[in-house]
Amino acid sequence: MKELLEKVLDDCRVHIRHGAVATYIPELAKADKNEFGIAVVSSESKLVCAGDFDKGFTMQSIIKSIILLMALIDNGTDPVRDLVGVEATGKPFDAFNYSDQALNCEHINPMINTGAIALCTLIKGRSYREKFERLLDLTRLISGNPDMQVDEQVYMSEKQTGNKNRALAYMLKAYGMISDDVEEVLDCYFRACSVRATTVDLARIAMAFANGGISVVDGKKLFDRNYARYVNAVMMTCGMYDGSGEFALSVGVPAKSGVGGGIMAVVPGRMGIGIYSPALDPKGNSIAGIKALEKLSENLELSIF
């Protein structure tokens with residue numbers, strides 16, 4: 001497996017030049033587009049890594065899978081379904097024009113900004129700081145990394161420049177989909193997106209989803225199997241932004257990307273994969289990361305279809 005991962009990185013590195021790092025968040029523009037790493041955790045808890053696998057980066061939209069999981073743990077499926085739908089929008093992750101009619105749950109899903117912002121309101125806590133700390137604790141638990149923290153520079157950068165997300169949040173409030181203070185909700189969301197991880201963290205989180213919420217390290221139940229199925233299904237249809245359909249054809253596994261350059265891929269019952277390569281395609285997905293997953297899927301027959 002080690003040799004395969006190194007070959008995949010070598011073969012796919014050429015695609016980096018066709019991508020560009022995210023610049024709409026100033027701190028993300030500082031990333032080195034040539035960094036490229038991968039980690040794989042198997043169902044036997046074996047970890048194999050290659051390249052810049054230990055490079056830290058912010059999870060960005062990958063955290064949306066954990067926000068969805070936290071909302072499910074705290075509320076069950078019905079309140080989550082009442083607030084956000086599960087259908088792909090076919091539009092960019094930060095789009096405004098979901099519908100020509102009044103905005104409702106059918107127009108958004110948990111893997112776009114609007115849906116994730118809305119779901120922050122379902123996380124239980126006496127304050128939004130407490131809500132975030134519970135979300136961070138869950139992320140640490142699933143990843144097996146108690147040292148995960150917020151990248152404060154990225155958090156401040158997002159908070160200072162996140163006016164489009166503010167507009168999306170106020171749109172949610174205007175249509176009665178959220179009632180809490182918008183700035184408090186957004187602070188939780190900005191902090192969540194700024195949680196720092198490595199490909200190893202992503203691979204371990206992905207393996208938890210691949211194993212139905214059961215830790216492959218000690219066999220302990222981390223979360224309900226039905227919630228793993230729910231999150232996996234939504235990642236399958238919506239996790240790669242408006243490139244999810246193409247990704248389903250070319251790779252064929254549930255996955256979630258982030259504009260920080262990470263991709264978390266879930267191979268049910270078999271493995272979890274974490275990839276980092278910050279050069280993005282026009283849809284906001286890691287361009288070399290997708291190519292690497294295509295190679296792995298082909299070589300290891302990963303597609304669930």
Side-chain angles (χ1 to χ4, degrees), residues 37-49 53-73 110-111 116 119 123 132-151 191-236 238-240 251 253-277 285-286 289 293 296 302:
I38 186 168
V40 174
V41 175
S42 71
S43 57
E44 294 81 30
S45 192
K46 182 180 180 181
L47 172 66
V48 185
C49 308
F53 66 90
D54 56 352
K55 174 69 179 181
F57 54 92
T58 52
M59 293 180 71
Q60 297 300 322
S61 284
I62 299 171
I63 200 69
K64 291 170 182 171
S65 59
I66 312 296
I67 293 174
L68 172 58
L69 176 63
M70 186 92 261
L72 289 166
I73 290 171
M111 299 297 145
L119 284 177
I123 298 173
F132 169 72
E133 291 298 333
R134 291 187 62 241
L135 179 69
L136 180 58
D137 285 343
L138 178 62
T139 308
R140 289 167 170 165
L141 174 67
I142 300 171
S143 68
N145 181 0
D147 298 320
M148 295 182 80
Q149 297 286 350
V150 170
D151 184 316
R191 287 183 186 277
C193 291
S194 303
V195 171
R196 198 167 180 83
T198 67
T199 62
V200 175
D201 296 323
L202 297 189
R204 287 175 173 158
I205 294 169
M207 189 62 237
F209 283 114
N211 204 41
I214 304 298
S215 169
V216 295
V217 176
D218 55 18
K220 290 183 179 179
K221 181 178 179 179
L222 300 171
F223 51 89
D224 191 274
R225 175 174 293 273
N226 288 329
Y227 297 157
R229 290 180 62 190
Y230 194 115
V231 176
N232 286 340
V234 175
M235 285 197 290
M236 186 78 251
C238 311
M240 300 297 288
V251 181
V253 299
K256 186 70 198 85
S257 62
V259 295
I263 301 178
M264 179 182 76
V266 176
V267 187
R270 294 180 60 184
M271 66 183 67
I273 305 170
I275 288 182
Y276 172 64
S277 179
N285 297 316
S286 171
L293 285 167
L296 284 178
L302 301 183

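Both backbone and side-chain heavy atoms feed into the values below; hydrogens, waters and symmetry mates do not.
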### Summary
Between Ala206 and Ile273, the two heavy atoms sitting closest are CB-N, 3.8 Å
### Close side-chain approach of Val200 to Cys49, heavy-atom, < 4.5 Å
yes
### Task
Measure across Val41 and Met207 and return the closest heavy-atom pair with its distance rounded to 0.1 Å.
O-SD, 3.4 Å
### Message
When you compare the side chain of Arg270 with that of Leu302, does any pair of heavy atoms fall below 4.5 Å?
### Response
yes
## Note on the structure
d(Ile73 CD1, Leu135 CG) to nearest 0.5 Å is 10.0 Å
### Query
Shortest non-hydrogen contact from Ser42 to Val216?
O-CG2, 4.1 Å
### Summary
CE of Met70 to OH of Tyr227, rounded to nearest 0.5 Å, is 10.5 Å
### Task
May I have the step-by-step check of side-chain contact (heavy atoms from CB on, under 4.5 Å) for Met264 and Arg204, ending in yes or no?
CA-CA 9 Å; Met264 179 182 76; Arg204 287 175 173 158; over 6 Å; no
### Task
Please confirm whether Phe209 and Phe223 have ring centers closer than 6.0 angstrom.
yes
### Query
If you measure from CG on Leu72 to OH on Tyr230, what distance do you get to the nearest 0.5 Å?
6.0 Å
### Query
Closest heavy-atom contact between Pro254 and Met236?
N-SD, 3.6 Å
### Task
Report the residues that fulfil side chain to side chain donor-acceptor pair (under 3.5 Å) with Arg229, sequence neighbours left out, ordered by chain and then residue number.
none
### Query
Does Met111 reach the side chain of Ser61, with side-chain heavy atoms less than 4.5 Å apart?
no
#### Entry: Nearest-0.5 Å distance, CD1 of residue Ile38 to CG of residue Leu202
11.0 Å
### Query
Side chains of Val253 and Val266: does their closest heavy-atom pair fall under 4.5 Å?
no
#### Entry: Close side-chain approach of Cys193 and Met59, heavy atoms under 4.5 Å
no
### Task
Show your reasoning for whether side chain to side chain donor-acceptor pair (under 3.5 Å) applies to Ser257 and Asn285.
CA-CA 6 Å; Ser257 62; Asn285 297 316; 2.5 Å; yes
### Query
Under the 3.5 angstrom rule, does the side chain of Asn145 hit a backbone N or O of Asp147 as a donor-acceptor pair?
yes
### Query
Does some side-chain heavy atom of Thr199 sit less than 4.5 Å from a side-chain heavy atom of Phe57?
yes
### Query
Nearest 0.5 Å, what's the NZ-CD1 distance between Lys64 and Ile62?
10.5 Å
### Message
Between Arg134 and Asp137, does any NZ, NE, NH1 or NH2 come within less than 4.0 Å of an OD or OE carboxylate oxygen?
### Response
no
### Task
Measure the shortest side-chain to side-chain distance between Leu222 and Ile214 over non-hydrogen atoms and say whether it is less than 4.5 angstrom.
no
### Message
Would you say that Glu133 contacts Arg191 through its side chain, given a criterion of any heavy-atom pair below 4.5 Å between the two side chains?
### Response
no
